[in-house]
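Residue indices begin at 1 and follow the sequence shown. Just the heavy atoms: all of them, side chains too, but no hydrogens, waters or symmetry mates, feed the values below.
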Amino acid sequence: MKPLSPRHLLTASVLAVGVGLGFAYAQQPDKDVSPEVSQQAQEAANNNEPLSAPSDTQSESGVMPESFADLVEQVSPAVVNITTTSVVTQPTQGQGPMFPEGSPFEDLFRDFGFPGAPGQNVPQRSNALGSGFVISADGYIVTNNHVIEGADEIEIEFYSEKTLPAKVVGTDPKTDVALLKVESEDAIPFVKFGNSDSARVGDWVLALGNPLGQGFSASSGIVSARNRELSGTYDDYLQTDAAINRGNSGGPLFNMKGEVIGVNTAILSPNGGSIGIGFSMTSNVVEKVVAQLQQFGETRRGWLGVKIQDVTPDMAEAMGLSSDGGAMVTDVPEGPALEAGMLAGDVITEFGGQKVDDIRELVQRVADAPVGEPVEVLVQRDGDPVTLEVTLGRREIAEGTAANETGNAPPEESNDQVLGMTLGVLTPEMASQLGVANGMQGLVVEDLDPEGAAADKGISAGDIITGAGQQPIASVADLQARIDEAREAGRKSVLLLIRREGEPRFVALPVDE
């Protein structure tokens with residue numbers, strides 16, 4: 001299925017920006033949950049049991065329920081509003097005294113940094129609103145990554161109007177999923193994931209959240225379509241006509257059993273409002289991501305290491321294949337597949353004992369497969385089946401986005417200044433652009449001081465530093481360690497191994513502080 005055009009695709013979040021105390025907060029929710037149901041929700045949390053729909057609302061007939069009220073009342077204690085704050089810098093627009101263009105007073109006003117000087121960047125507080133839902137009694141909360149991205153503070157408002165600060169456990173921008181954690185003395189009512197694969201087009205669904213910052217709100221509709229792909233590699237969205245607006249981001253999409261089968265993420269709209277086309281990332285994708293974030297603080301997806309394309313009917317005919325299913329390998333760079341003997345021109349028809357219909361299916365299966373474990377891959381080669389055993393690598397490492405050993409921050413990237421050079425970690429994408437081996441490790445010179453020693457020694461932007469002090473390096477920390485060692489040994493310079501267009505050469509740079 002072709003990805004949808006992003007022309008009118010909007011994330012379902014809302015952002016309010018103000019100066020000083022100009023914040024926007026969600027309105028207080030109406031008290032639609034009875035004390036009896038609230039007590040039942042708390043008892044369920046104390047017993048570590050998820051909230052679910054009352055048995056008399058769990059219709060399997062597909063007939064429209066008489067009311068969604070019982071379902072809303074039962075699961076709403078697990079739905080939360082999320083408020084994030086951050087500091088952004090924006091230029092002032094026409095604030096402060098006005099002077100004739102070119103007036104010396106205009107320059108004086110700006111140069112001395114008076115608040116509100118025209119064109120001056122002024123820090124402002126921004127406030128973003130979104131939604132989420134609790135998935136465990138000990139306070140784990142799921143929302144969208146774009147809701148909390150770049151936030152300095154995250155506050156969770158529960159249906160009971162209680163508020164708690166939250167910390168980020170981990171995020172996955174590829175599926176727009178974030179996992180948060182709050183600390184509470186009391187157990188928190190929560191809901192569970194359902195099987196999104198069992199959702200059928202036409203099934204009734206219920207969306208809960210915080211649209212347009214108006215506070216708790218419910219909307220209902222049906223599943224309009226399945227397996228929608230928007231723009232991401234791992235996209236698998238349910239499309240729904242339940243009203244989803246800005247601020248609904250991260251909120252749950254429930255089936256009639258009170259199970260979460262989707263996370264409301266985006267809308268398709270020419271005007272920014274709901275027109276009945278909303279998208280929810282399927283629970284079967286989200287649940288796997290959340291499990292990894294909870295365990296590792298990051299995702300750990302399998303990596304096969306091939307470039308692929310779909311097999312068209314004419315390609316299948318030309319290769320003598322019985323069907324046009326599978327994924328054709330167009331290139332096999334250095335990686336797990338090459339080590340296992342895979343060749344360009346092979347057609348992958350099975351992965352892990354399961355049939356592969358297209359490249360999207362293969363990508364998702366590889367991502368779900370455990371890293372570092374062997375998996376059988378069946379390929380068609382010259383008309384004959386060949387079984388290969390591939391030990392999968394980790395995609396995040398291959399892409400240079402894996403977290404380091406001390407936290408969730410990605411590897412050191414650009415804008416690190418060392419010895420008058422601006423350095424960035426060499427990623428596979430950079431390696432491809434620079435025409436070097438995909439597996440090479442080192443630092444890319446992104447910029448340098450034209451009057452510094454590095455420039456005097458002939459180093460230029462685009463050079464790759466692969467060694468220092470006659471030891472390999474893979475990060476700025478490695479380089480800094482070699483520099484420190486040289487200084488401690490009383491040496492005046494450190495020897496760097498530089499590669500330019502694949503050709504190595506050594507350069508000694510002074511390390512005087």
Determine the minimum heavy-atom distance between [X] and [Y], stating which atoms define it.
X	Y	answer
G393	P336	N-CG, 3.5 Å
A486	S493	CB-O, 4.0 Å
V182	P165	CG1-O, 3.5 Å
V147	S249	CG2-CB, 3.6 Å
P333	G305	CD-O, 3.6 Å
A137	F190	N-CD2, 3.4 Å

Looking at [atom1] of [X] and [atom2] of [Y], how far apart are the two atoms once the value is rounded to the nearest 0.5 Å?
X	Y	atom1	atom2	answer
S280	L238	OG	CG	6.5 Å
I483	L496	CD1	CG	7.5 Å
I156	L180	CD1	CG	5.5 Å
I473	L479	CD1	CG	4.5 Å
Q292	R301	CD	CZ	7.0 Å
R394	T299	CZ	OG1	6.5 Å

Taking [X] for its side chain and [Y] for its backbone only, find out whether a donor-acceptor pair lies under 3.5 Å.
X	Y	result
R482	L495	no
N145	A178	no
S283	F193	no
S196	N284	yes
R365	E350	no
S219	A243	yes
D241	I222	yes
S220	L206	no
S274	N245	no
D176	N144	no

K457: partners by salt bridge (Lys or Arg N to Asp or Glu O under 4.0 Å), with sequence neighbours left out: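 For K457 there are no salt bridge (Lys or Arg N to Asp or Glu O under 4.0 Å) partners, ignoring immediate neighbours.
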
Residue list, salt bridge (Lys or Arg N to Asp or Glu O under 4.0 Å) with D463, at least two apart or on another chain: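 Result, salt bridge (Lys or Arg N to Asp or Glu O under 4.0 Å) vs D463: R500.
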
Just by distance, no angles: are the side chains of [X] and [Y] close enough, under 3.5 Å, to form a donor-acceptor pair?
X	Y	result
T171	E149	no
D138	S136	yes
N248	N264	no

Does atom CD of Q471 have more than 12 heavy-atom neighbours, drawn from other residues, nucleotides or ligands, at distances under 6.0 Å?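 Yes, because the 6.0 Å sphere around CD of Q471 holds more than 12 heavy atoms from other groups.
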
Are there more than 12 heavy atoms of other residues, nucleotides or ligands under 6.0 Å from atom NZ of K181?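 Yes, NZ of K181 has more than 12 neighbouring heavy atoms, counting only those of other groups under 6.0 Å.
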
With side-chain contact (heavy atoms from CB on, under 4.5 Å) as the criterion, how do V177 and Y234 come out once you've worked through the C-alpha distance, each side chain's angles and the decisive distance to 0.1 Å? CA-CA 12 Å; V177 172; Y234 305 107; over 6 Å; no

Before giving the answer on side-chain contact (heavy atoms from CB on, under 4.5 Å), spell out for L179 and I135 the whole-Å C-alpha distance, their side-chain angles and the decisive distance to 0.1 Å. CA-CA 10 Å; L179 182 64; I135 61 168; 4.2 Å; yes

Under the criterion salt bridge (charged side-chain N to carboxylate O under 4.0 Å, His left out), which of D368, D236, D172 is the partner of K288?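 So, applying the salt bridge (charged side-chain N to carboxylate O under 4.0 Å, His left out) to K288 and each of D368, D236, D172, only D368 qualifies.
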
Side chain to side chain, [X] and [Y], heavy atoms closer than 4.5 Å:
X	Y	answer
N227	R360	yes
L443	V425	yes
L392	V371	no
T265	L230	no
T349	V356	no
V379	V329	no
P211	R246	no
N255	D203	no

The test is side-chain contact (heavy atoms from CB on, under 4.5 Å); show your working for V223 and T240 and say whether it passes. CA-CA 5 Å; V223 176; T240 177; 5.8 Å; no

So if I apply the side chain to side chain contact (heavy atoms under 4.5 Å, CB included) rule between Y237 and each of R228, R226, E229, which one comes out positive?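 Output: one option passes, namely R228.
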
Just to verify, which of D346, L338, L343 counts as forming a side chain to side chain contact (heavy atoms under 4.5 Å, CB included) with V332?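 Exactly one option meets the side chain to side chain contact (heavy atoms under 4.5 Å, CB included) with V332, and it is L338.
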
Step-by-step side-chain contact (heavy atoms from CB on, under 4.5 Å) determination, V263 to F133: CA-CA 9 Å; V263 178; F133 56 97; 3.8 Å; yes

